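A quick write-up on the structure given underneath.
Chain identifiers are assigned alphabetically (A, B, ...) following the order of the sequence lines, protein sequences preceding nucleic acid strands; residue numbering begins at 1 within each chain. Please read all numbers here as calculations on a predicted model, not as lab measurements.
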Amino acid sequence: MSVLEVKGIKKSFGRVEVLKGLDFSLEKGEVLSIIGSSGSGKTTLLRCLNFLETADSGTIAVNGKVIFDAASVKRLKESEIRENRLHFGLVFQSFNLFPQYSALENITLAPTLLNRGTPEEIKAQATALIERVGLSDKTDSYPCQLSGGQQQRVAIARALAMNPDILCFDEPTSALDPELTGEVLKVIRDLKNAHSTMIVVTHEMEFARNVSDKVIFMSDGVIEEMGTPQEVFLSPKSPKTKSFLSKDIEAV
Amino acid sequence: MSFIEVTLFLANGFVFSLIIFAVTLICGIPLGLPIAFCSMSRFRPVRAVSKVVVWIVRGIPLMLQIFIIYYVPGLLFGNPVFSNIDRYIIGNFDIPQDGLTRLLMINAGSLVSVLIAFTINYACYFSEIYRGGIESISKGQYEAGYVLGLTKSQIFKKIVLKQVIKRIVPPMSNEIITLIKDTALANCIMIPEIIKQAKELAATRAMIWPLFYTGVFYLLFVGLLTILLGKVEKKLSYFN
């Protein structure tokens, strides 16, 4: 059984149809990269998965249980939406750490407010997570004292603290300079080795190619091509994919 | 009248200034919050009513608003409630011959009308500062809270509020400093605040200098406020 099963997701903003019916699934422990040019709907897709946008039609099932059905979403209570969205974690392009809290407090805030254990347990878990992203020495630093890469690593630890089934990344390195990109990608790679299930929207083609198990190329709100990195990068079938990938090479 | 006597006489007046200042802040700071929420409401009529109220309150002079609160109950309902309170206290209680207690007792009703006018006026100004502060928080902060499964009220209380407070401290400091000087407007309905007291000395004893001397009271108090508000600002400077 797939950990994630997405069927027929459509989303329009006004008259602009951003997602035109997407279907895909993801197995436990797999890493899915979503690539494509800006405006192709990648971010909107992630936001639909995380209930930051409500898809107009389609269903989302996690571990075989339908957690979103556009046909019945209006009947969901706010508390149910909150419960459902915890299947997913989201790491933002712009980190969105809470500036008034230290790195550790950023991680412990949600588990504490949602009573996910005793204060000692939560602190121990957060300490372990911050070590996992390599920031044990920055526990008490505030976001403004951290570099972009460090902030993003704290943001990853913060998302992990709620134990999501699927961790989503929305262009996690786009706001970072090349030097800092590496440290964030390394953390994501480590997570893959620990068998986390992840969806990564990215412009890092090297990363998508080397780390993912599955790649989706999106264009104009549809999945233009889907397959293993070898299939998509080495022998793309769609002309749009070919053109997108060749532009990437030209740019370099 | 000696310098000390004049100082005490003016200090009695400054007590009225401080009462208006304190009550306006204690009532106006919380009252501004619901007004701000109404101004941001998704429900259009609520938003419209709130905007009109803020427009009126910010649009006419505070002195005029004091007159309105003080006189309108009498004009509309035939019951000048605030001056009636003054009259009732004068008729039914033992009033000391002089001193602060006397001033407070014979002006209690009028003082209430001033407090109401100041509170409404300042709450409206505060509400706009709050609204600006709340709307300046990036959408990403809310979204980060949502994806962690937090409720709207948890997000507001635990994430947004402190950031809003940090951003509104400088504009609030401005309003607070303006407020202590605005209390002088209370003398339009004969509240014996400090400038009214100084004018009293000018009228009864032909002393003009106390009028200028009142400035010292304001300056000292504003100096104190500046230090305090600076401390608050500094306390919140550990994040941005």
Side-chain angles (χ1 to χ4, degrees), chain A residues 43 46-47 49-53 77-103 105-116 140-146 151 154-155 158-164 166-170 175, chain B residues 29-30 33 36-37 40-44 46 126 129-173 228-240:
Chain A
T43 295
L46 273 200
R47 291 173 62 85
L49 293 179
N50 282 277
F51 295 81
L52 290 176
E53 306 287 352
K77 277 185 285 190
E78 209 200 297
S79 58
E80 290 172 300
I81 294 179
R82 258 185 289 123
E83 196 59 40
N84 287 341
R85 72 172 7 139
L86 283 178
H87 290 291
F88 297 92
L90 179 59
V91 174
F92 298 86
Q93 180 177 352
S94 49
F95 330 135
N96 294 334
L97 290 183
F98 308 131
Q100 73 268 45
Y101 293 117
S102 70
E105 288 165 339
N106 261 279
I107 302 170
T108 55
L109 182 72
T112 307
L113 291 177
L114 300 175
N115 292 318
R116 288 300 181 95
D140 298 321
S141 302
Y142 288 93
C144 61
Q145 301 166 316
L146 300 174
Q151 288 191 50
V154 173
R158 179 176 71 177
L160 288 171
M162 293 307 290
N163 290 318
I166 300 149
L167 186 55
C168 303
F169 295 81
D170 184 11
Chain B
I29 285 176
L33 203 56
F37 283 133
M40 294 184 289
S41 167
R42 254 181 297 176
F43 192 51
R44 223 184 176 156
V46 172
F126 292 159
I129 293 177
Y130 298 164
R131 189 173 66 82
I134 292 170
E135 287 178 348
S136 76
I137 303 300
S138 83
K139 227 175 75 196
Q141 290 290 305
Y142 292 92
E143 292 184 346
Y146 284 135
V147 297
L148 290 167
L150 304 183
T151 65
K152 275 186 185 150
S153 88
Q154 284 171 331
I155 291 172
F156 185 75
K157 282 188 224 149
K158 298 289 179 176
I159 298 172
V160 174
L161 188 58
K162 201 162 186 186
Q163 298 180 46
V164 171
I165 291 172
K166 182 188 164 80
R167 287 186 199 191
I168 65 175
V169 166
M172 286 296 281
S173 303
L228 282 176
L229 293 165
K231 280 200 170 142
V232 173
E233 212 170 307
K234 190 144 187 232
K235 203 162 178 196
L236 289 168
S237 67
Y238 72 91
F239 71 89
N240 51 26

To the nearest 0.5 Å, what is the distance between OH on A:Tyr142 and CG on B:Asn240? 12.5 Å
Heavy-atom cut-off 4.5 Å, strictly under: side chain, backbone, both or neither for A:Gln145 against chain B? neither
Can you tell which part of A:Phe88 gets under 4.5 Å to a heavy atom of chain B, answering side chain, backbone, both or neither? backbone
Rounded to the nearest 0.5 Å, the CG atom of B:Leu150 sits from the CG atom of A:Leu86 at a distance of 8.5 Å
Residues at least two apart in sequence or cross-chain that pass side chain to side chain contact (heavy atoms under 4.5 Å, CB included) with B:Leu161, listed by chain then number, are B:Phe156, B:Ile165
Chain B contact via A:Arg47 - which portion, at a heavy-atom distance below 4.5 Å: side chain
Under the side-chain hydrogen bond (donor to acceptor under 3.5 Å, both in side chains) rule, what pairs show up with a residue in residues 79-90 of chain A, not counting sequence neighbours? A:His87-A:Asp165
For the candidates A:Leu97, A:Ile81, A:Leu114, which exhibits the highest count of non-hydrogen atom pairs separated by less than 4.5 Å from chain B? A:Leu114
Would you mind listing every side-chain hydrogen bond (donor to acceptor under 3.5 Å, both in side chains) that reaches into residues 148-162 of chain B, with sequence neighbours excluded? B:Thr151-B:Gln154, B:Lys162-B:Tyr238
Between A:Leu52, A:Leu109, A:Asn50, who has the most heavy-atom pairs with chain B when the cutoff is under 4.5 Å? A:Leu52
Can you check whether anything in residues 136-148 of chain B gets within less than 4.5 Å of chain A, heavy-atom wise, and list it by number? B:Lys139, B:Gly140, B:Gln141, B:Glu143, B:Ala144, B:Gly145, B:Tyr146, B:Val147, B:Leu148
